[in-house]
Amino acid sequence: MGGAAAAGASRWIQRLSAARISTEALQRGQSRVIDASLTLIRERAKLKGELLRAMGGVKASASLLGVPLGHNSSFLQGPAFAPPRIREAIWCGSTNSSTEEGKELNDPRVLTDVGDVPIQEIRDCGVEDERLMHVISESVKTVMEEDPLRPLVLGGDHSISYPVVRAVSEMLGGPVDILHLDAHPDIYDCFEGNTYSHASSFARIMEGGYARRLLQVGLRSITKEGREQGKRFGVEQYEMRTFSRDREKLENLKLGEGVKGVYVSVDVDCLDPAFAPGVSHIEPGGLSFRDVLNILQNLQGDVVAGDVVEFNPQRDTVDGMTAMVAAKLVRELSAKIAK
């Protein structure tokens with residue numbers, strides 16, 4: 001843990017120490033808060049799972065889980081405010097509840113919601129990032145324990161993908177293939193001293209053996225280290241400068257054969273900022289929204305989980321345009337997961 005994240009946690013620990021609260025008492029208090037947080041998500045997941053099992057005929061239903069974490073961002077922490085804005089945009093009435101292929105989001109067989117991991121409340125107890133990442137993983141596992149729920153996670157910055165993918169891989173009993181749409185590869189070994197940085201999440205995933213294949217699409221801000229790390233881990237990196245050449249392949253992907261399924265991670269800044277200005281790292285020259293939908297809708301494979309991350313409401317413009325973009329991504333990913 002580095003930067004503001006470490007400073008915030010250490011300040012709380014210093015204050016608690018000054019108040020003469022013992023380490024044992026602090027740890028007990030942290031554990032109570034964590035247990036209460038997991039219990040609330042677990043009970044919501046149980047309720048939704050029981051409903052779907054009673055309805056019958058459902059193999060998989062996308063289940064929203066918010067992870068409002070922003071402190072591992074290297075620039076702005078606004079993505080922590082994204083989950084409620086995305087939910088508001090999904091149900092705002094500006095559009096109907098149908099996905100493009102005709103699935104209805106107001107049908108729980110397509111989409112359910114188990115709420116948010118209370119990240120700030122947990123951090124306010126002095127919980128550091130290593131333990132916090134385990135809380136996120138455990139939250140994802142509580143969703144997956146309730147068949148047929150499949151986690152669709154609302155970020156938050158991209159650091160959340162590491163604990164989410166870890167949980168998905170561990171629950172399924174093996175690695176997944178990952179389709180990662182992003183302007184950046186997020187594969188630094190340790191960015192600015194923070195091993196849990198949003199710029200390092202896929203290095204942690206690949207180190208852990210949680211992915212067999214990692215395809216990164218939309219890249220246009222990649223350093224020498226990003227390319228070297230890509231080669232080190234055998235990552236398939238598709239840069240925007242060659243997208244016209246790669247388009248046919250990327251719009252006809254077949255993933256997941258021989259592994260436990262496909263995980264889709266969408267960083268909203270994969271899109272050109274003309275389509276999604278509400279992001280922390282504005283990088284011109286990106287994918288169009290229809291490019292992204294063509295890639296997702298044509299993907300062949302069992303999508304078992306996913307995330308939509310790095311929407312920053314504090315930089316959104318034009319009456320919440322990027323919120324609607326993020327919501328549309330969630331809608332179409334829900335349709336991809338639901339079976």
Side-chain angles (χ1 to χ4, degrees), residues 1-2 72-74 129-130 133-134 136-137 140 153 155-243 245-246 249-250 253-267 269-270 281 283 286-287 295-296 299 301-310:
M1 179 170 58
N72 282 322
S73 176
S74 59
D129 257 15
E130 182 174 356
M133 293 294 161
H134 282 285
I136 296 169
S137 291
V140 172
V153 179
D157 68 45
H158 221 150
S159 67
I160 71 166
S161 291
Y162 164 56
V164 176
V165 171
R166 176 175 64 185
V168 170
S169 174
E170 290 177 350
M171 284 295 292
L172 295 177
V176 293
D177 285 347
I178 300 177
L179 173 61
H180 169 206
L181 303 174
D182 202 328
H184 318 87
D186 293 348
I187 203 165
Y188 284 98
D189 181 61
C190 180
F191 192 72
E192 296 181 342
N194 183 4
T195 58
Y196 294 116
S197 170
H198 70 157
S200 299
S201 50
F202 287 91
R204 304 289 83 79
I205 288 169
M206 299 308 287
E207 286 171 351
Y210 303 120
R212 178 188 65 174
R213 293 179 67 187
L214 171 59
L215 285 73
Q216 299 185 317
V217 179
L219 304 178
R220 56 196 186 278
S221 180
I222 179 170
T223 63
K224 180 181 178 182
E225 181 179 349
R227 291 190 175 91
E228 289 175 346
Q229 285 280 89
K231 291 177 182 177
R232 173 190 171 194
F233 291 118
V235 180
E236 299 163 57
Q237 295 181 326
Y238 295 91
E239 298 185 42
M240 283 307 301
R241 62 193 176 90
T242 61
F243 181 70
R245 183 188 71 197
D246 300 328
K249 178 179 181 179
L250 295 173
L253 291 172
K254 189 172 184 179
L255 301 175
E257 288 187 341
V259 289
K260 298 298 182 178
V262 182
Y263 185 96
V264 178
S265 180
V266 184
D267 185 322
D269 72 23
C270 72
H281 298 268
E283 190 68 41
L287 296 160
I295 292 168
L296 295 178
L299 170 64
D302 181 18
V303 179
V304 294
D307 63 56
V308 175
V309 298
E310 296 287 354

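Note that the structure is predicted; figures quoted are calculated from it, not measured.
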Is the shortest side-chain heavy-atom distance between [X] and [Y] below 4.5 Å?
X      : Y      : answer
Leu253 : Leu179 : yes
Ile295 : Leu299 : no
Leu219 : Ile222 : yes
Val262 : Glu257 : no
Tyr188 : Gln229 : no
Ile178 : Leu215 : no
His184 : Asp269 : yes

Where do [X] and [Y] come nearest, in terms of heavy atoms and distance?
X      : Y      : result
Asp177 : Leu255 : OD2-C, 3.8 Å
Ser169 : Gly174 : OG-O, 2.9 Å
Ile160 : Val309 : CD1-CG1, 3.7 Å
Ala203 : Asp189 : CB-CA, 4.5 Å
Pro185 : Gly226 : CG-CA, 4.3 Å

| request: Just grab all the salt bridge (charged side-chain N to carboxylate O under 4.0 Å, His left out) pairs involving residues 158-176, residues at least two apart or on different chains. | output: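 Residue pairs passing salt bridge (charged side-chain N to carboxylate O under 4.0 Å, His left out), neighbours aside: Lys141-Glu170.
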Taking only residues two or more places apart in sequence or in another chain, which ones pass salt bridge (Lys or Arg N to Asp or Glu O under 4.0 Å) with [X]?
X      : value
Asp182 : none
Arg220 : none
Glu236 : Arg213

| query | So, are Arg245 and Glu239 salt-bridged, with charged N and O less than 4.0 Å apart? | reply |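 Looking at Arg245 and Glu239, the cut-off is not met.
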| query | Are any of the side-chain nitrogens in Asp246 or Arg241 under 4.0 Å away from the carboxylate oxygens of its partner? | reply |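 No salt bridge links Asp246 with Arg241.
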| task | Applying side chain to side chain contact (heavy atoms under 4.5 Å, CB included), name anything that partners Val235, two or more places apart in sequence or on another chain. | result |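 Side chain to side chain contact (heavy atoms under 4.5 Å, CB included) check on Val235 returns Ile187, Leu214, Gln216, Phe233, Gln237.
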| field | Under the side chain to side chain contact (heavy atoms under 4.5 Å, CB included) test, residues paired with Ser74 that sit two or more places apart | value |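 By the side chain to side chain contact (heavy atoms under 4.5 Å, CB included) rule, Ser74 matches Phe191, Glu192, His198, His281.
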Point-to-point distance, once rounded to the nearest 0.5 Å, from [atom1] of [X] to [atom2] of [Y]:
X      : Y      : atom1 : atom2 : value
Ser221 : Met240 : OG    : CE    : 13.0 Å
Tyr196 : Asp129 : OH    : CG    : 7.0 Å
Asp157 : Ser197 : CG    : OG    : 7.5 Å

| query | Taking only residues two or more places apart in sequence, or in another chain, which ones meet Glu228 in a side-chain hydrogen bond (donor to acceptor under 3.5 Å, both in side chains)? | reply |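 Not a single residue meets the side-chain hydrogen bond (donor to acceptor under 3.5 Å, both in side chains) criterion with Glu228.
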| Partners of Asp307 by side-chain hydrogen bond (donor to acceptor under 3.5 Å, both in side chains), sequence neighbours excluded? |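 Asp307 satisfies side-chain hydrogen bond (donor to acceptor under 3.5 Å, both in side chains) with Ser161, Tyr263, Ser265 only.
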| field | N/O donor-acceptor pair under 3.5 Å between Ser137 side chain and Met133 backbone | value |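 Here the side-chain-to-backbone pair exists.
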Tell me, please, which residues at least two apart from [X] pass ring-ring contact (aromatic ring centres under 6.0 Å, His included).
X      : value
His158 : His180, Phe202
Phe243 : none
Tyr238 : none

| message | Before you tell me yes or no, could you show the steps for Asp186 and Arg204 under salt bridge (charged side-chain N to carboxylate O under 4.0 Å, His left out), namely the whole-Å CA-CA distance, both residues' side-chain angles and the distance that decides it to 0.1 Å? | response | CA-CA 10 Å; Asp186 293 348; Arg204 304 289 83 79; over 6 Å; no
